[in-house]
Amino acid sequence: MAPIREIINPSTEEVIAEVPSLGIAETDVAIGKAVRGLEHWRKLAPAERARLLRAFGAKVYEHNEELAQLEVKNSGHTISNSRWEANNVGDVITYYAGSVERLMGRQIPVPGGVDITFKEPIGVVGVIVPWNFPMPIASWGFAPALAAGCSVILKPAEITPLTAMRIAELAHEAGIPEEVFQVVTGSGRVVGERLVTDPRVRKIVFTGSTEVGIHIQKLAADHLKAVTLELGGKSANVVFADADLDKAAATAPYSVFDNAGQDCCARSRLLVQESAYDGFMSRFEAAVKGVKVEDPRLDSSEMGPLISAGHRETVQSFVDEDLVLFRGSCPTGSGYWYPPTVIEVKDPAHRSIREEIFGPVVAVQTFRDEEEAIAMANDSDYGLSGSIWTSNLGRGLRVARGIETGALSVNSHSSVRYWTPFGGYKKSGIGRELGPDATDAFCETKNVFINTEI
Ligand code: TAP
């Protein structure tokens with residue numbers, strides 16, 4: 001019998017479930033099953049694979065409320081966010097179901113014959129996901145992989161496995177064979193690392209910290225295994241004086257405090273043009289103090305707790321009290337609560353500017369002009385996301401082109417839309433998820449030449 005791990009509700013600190021912590025032997029069994037699942041799935045007629053994926057998407061939509069409630073309990077996400085996250089899973093599965101019948105090779109004109117390319121599934125895929133968005137991030141990996149004809153083993157974070165387990169059950173209820181889509185629970189060091197090092201797994205999609213991502217890429221290199229890495233971020237929200245300051249300030253809390261700041265796209269650096277500083281900051285302070293940090297089960301809740309006591313300590317370690325400009329409020333008592341916190345930092349070498357905090361803390365800096373704004377935004381090891389607020393669209397585009405980051409928005413804090421590619425520059429990752437081309441990352445291209453002159 002595998003040892004058991006207790007799953008904790010971060011809002012109440014109560015144990016809500018017990019989940020097996022699998023070992024190497026059980027992971028090997030799962031990989032063996034996935035190899036068999038691959039043989040079945042890759043040969044299925046595309047129309048049938050698409051039908052099964054559509055049925056899976058429909059099941060997820062049907063169980064939206066159940067999945068959302070489960071995520072509130074396991075991850076402390078607000079109920080409104082959790083409903084959106086479960087819906088995103090349904091959308092992503094349905095979107096990639098639509099691509100199954102459009103996975104096409106090409107006929108290339110060549111002398112002496114006919115040349116055809118085929119898109120073939122890369123093989124068994126391991127999808128390793130973090131605890132901060134257990135549902136959507138899993139689907140960004142497993143849905144295009146399944147659409148491409150791969151079998152999938154999903155490894156959720158050890159502390160947030162419940163929605164992944166339920167989603168796999170829904171896949172099986174929809175008719176997708178168990179061997180085609182499995183969830184393995186257990187620690188990253190054991191289960192995750194086995195997926196990375198077993199040569200039968202041909203591709204790893206990893207979302208998590210940059211440190212673990214680098215480790216995984218090194219391990220995968222021994223097998224020349226393909227990896228997609230979605231890693232950390234330290235994104236900038238750049239506010240120019242010509243922006244609509246009311247809108248920029250009203251939405252800035254969402255850009256960094258959503259999901260209690262446990263968001264790889266969090267705009268945890270707020271860069272404000274000097275001439276707009278007073279006007280923007282007074283509005284921003286009112287907005288931050290208005291964020292409703294409360295029981296995530298309530299429809300009115302805008303921010304829940306942090307994921308664990310240990311993580312709360314890490315977040316606190318970044319906050320020098322003498323740098324705090326102002327804070328919002330949060331509940332006291334049970335739960336890993338932390339208030340929305342705004343600090344002002346003059347020293348660009350300060351830890352809070354350089355490292356990912358992954359909590360509801362934003363560091364404010366000022367800039368003089370466009371050139372300095374771009375230089376400051378780029379002064380980071382990371383390059384995942386970011387926002388630019390300006391009423392001058394030419395400037396918005398110039399600055400967007402100047403910032404080395406994968407997903408930028410002008411006059412918006414949107415980072416992730418399943419129709420468009422998402423991923424990072426620099427230490428934020430390798431490869432792209434989502435968008436129309438995501439299935440390509442799960443395909444090999446085979447070229448066949450037929451000699452017509454024989
Ligand atoms: P990590 O500690 O890196 O863990 C991520 C996943 O990897 C977990 O499932 C973990 O399992 C597993 N893992 C840990 N060590 C492993 C190993 N040696 N081999 C294989 N798998 C291993 O990250 P986290 O703390 O869960 O998540 C936060 C980080 O994720 C942040 O840096 C955040 O920016 C990043 N993130 C990035 C994105 C995108 S899309 N770029 C999105 C969300 C989050 P255990 O849970 O069992 O340790």
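Because only heavy atoms are used, hydrogens play no part in the values below, and waters and symmetry mates are left out as well, while side chains stay in. In listed order, ligands and their atoms are each counted from 1.
- With salt bridges taken as basic N to acidic carboxylate O contacts below 4.0 Å, none links R432 and D437.
- Ranking protein heavy atoms by distance to atom 36 (N) of ligand 1, first place goes to C264 CB, 3.6 Å.
- Inclusion of I216 in the set of residues having an N or O under 3.5 Å from an N or O of ligand 1 is not warranted.
- Using a cutoff of 4.0 Å between basic side-chain nitrogens and carboxylate oxygens, R83 and D299 are scored as salt-bridged.
- Distance from atom 46 (O) of ligand 1 to its nearest protein heavy atom, with residue and atom name: E158 N, 2.9 Å.
- At least one heavy atom of F358 lies less than 4.0 angstrom from ligand 1.
- Shown in contact with L384 at under 4.0 Å from a heavy atom are these atoms of ligand 1, numbered in order with element: 41 (N).
- Using a distance-only test at 3.5 Å, with no hydrogens or angles considered, no donor-acceptor pair links the side chain of H215 to the main chain of E211.
- By the criterion of a heavy-atom distance under 4.0 Å, the side chain of F422, and not its backbone, is placed next to ligand 1.
- Salt-bridge check for K234 with E356: failed, with every basic side-chain N at 4.0 Å or more from each acidic carboxylate O.
- K73 NZ to I8 CD1: the interatomic distance, rounded to the nearest 0.5 Å, is 13.0 Å.
- Ring-plane geometry between F181 and H172 is classed as perpendicular, the angle between the planes exceeding 60 degrees on a 0 to 90 degree scale with a lower cut at 30.
- Taking each of G423, S209, G186, A157 in turn, the one with a heavy atom nearest to atom 2 (O) of ligand 1 proves to be S209.
- For atom 11 (O) of ligand 1, the nearest protein heavy atom (residue, atom name, distance) is K155 NZ, 3.1 Å.
- In terms of polar-atom proximity, W131 is counted as a contact of ligand 1, with an N or O under 3.5 Å from an N or O of the ligand.
- Ion pairing of R5 with E18 is absent here, as no side-chain N (NZ or NE/NH1/NH2) approaches a carboxylate O to less than 4.0 Å.
- Side-chain contact of R327 with T341: a donor-acceptor pair under 3.5 Å is present, judged by distance alone.
- At least one heavy atom of S187 sits closer than 4.0 Å to an atom of ligand 1.
- Under 4.0 Å from ligand 1, heavy atoms of T207 appear from its side chain as well as its backbone.
- The residues R351 and E355 are annotated as salt-bridged, a charged nitrogen and a carboxylate oxygen being separated by less than 4.0 angstrom.
- Distance NZ/K427 to CG/L384: 15.0 Å, rounded to 0.5 Å.
- Checking only distances, T210 never comes within under 3.5 Å of ligand 1, N or O to N or O.
- A distance-only check finds a donor-acceptor pair linking the side chain of N74 to the backbone of I159 [under 3.5 Å].
- Residue I137 approaches ligand 1 through these ligand atoms, each under 4.0 Å from one of its heavy atoms: 42 (C), 43 (C).
- Residue P156 approaches ligand 1 through these ligand atoms, each under 4.0 Å from one of its heavy atoms: 9 (O).
- Between R166 and E169 a salt bridge is recorded (basic side-chain N to carboxylate O distance below 4.0 Å).
- With a 4.0 Å cut-off on non-hydrogen atoms, V191 does not touch ligand 1 at all.
- Below 3.5 Å of separation, one finds an N or O of V129 facing an N or O of ligand 1.
- When non-hydrogen atoms are compared, ligand 1 lies under 4.0 Å from the backbone of L231 (N, CA, C, O) but not from its side chain.
- Only side-chain heavy atoms of E356 come within less than 4.0 Å of ligand 1; its backbone N, CA, C and O stay farther off.
- Looking only at protein heavy atoms, the nearest one to atom 7 (O) of ligand 1 is F206 CE1, 3.1 Å.
- Using a 4.0 Å cut-off between heavy atoms, H215 contacts ligand 1 through its side chain alone, with no backbone atom that close.
- Every atom of ligand 1 is numbered from 1 in the order shown, and the set under 4.0 Å from a heavy atom of N132 is 43 (C), 44 (C).
- Ring orientation note: the planes of Y254 and H413 are tilted relative to one another, at an angle of 30° to 60°.
- Taking atom 15 (N) of ligand 1 as the reference point, the nearest protein heavy-atom neighbour is V212 CG1, 3.6 Å.
- The residue among G188, G208, G233, A220 with a heavy atom at the shortest distance from atom 10 (C) of ligand 1 is G188.
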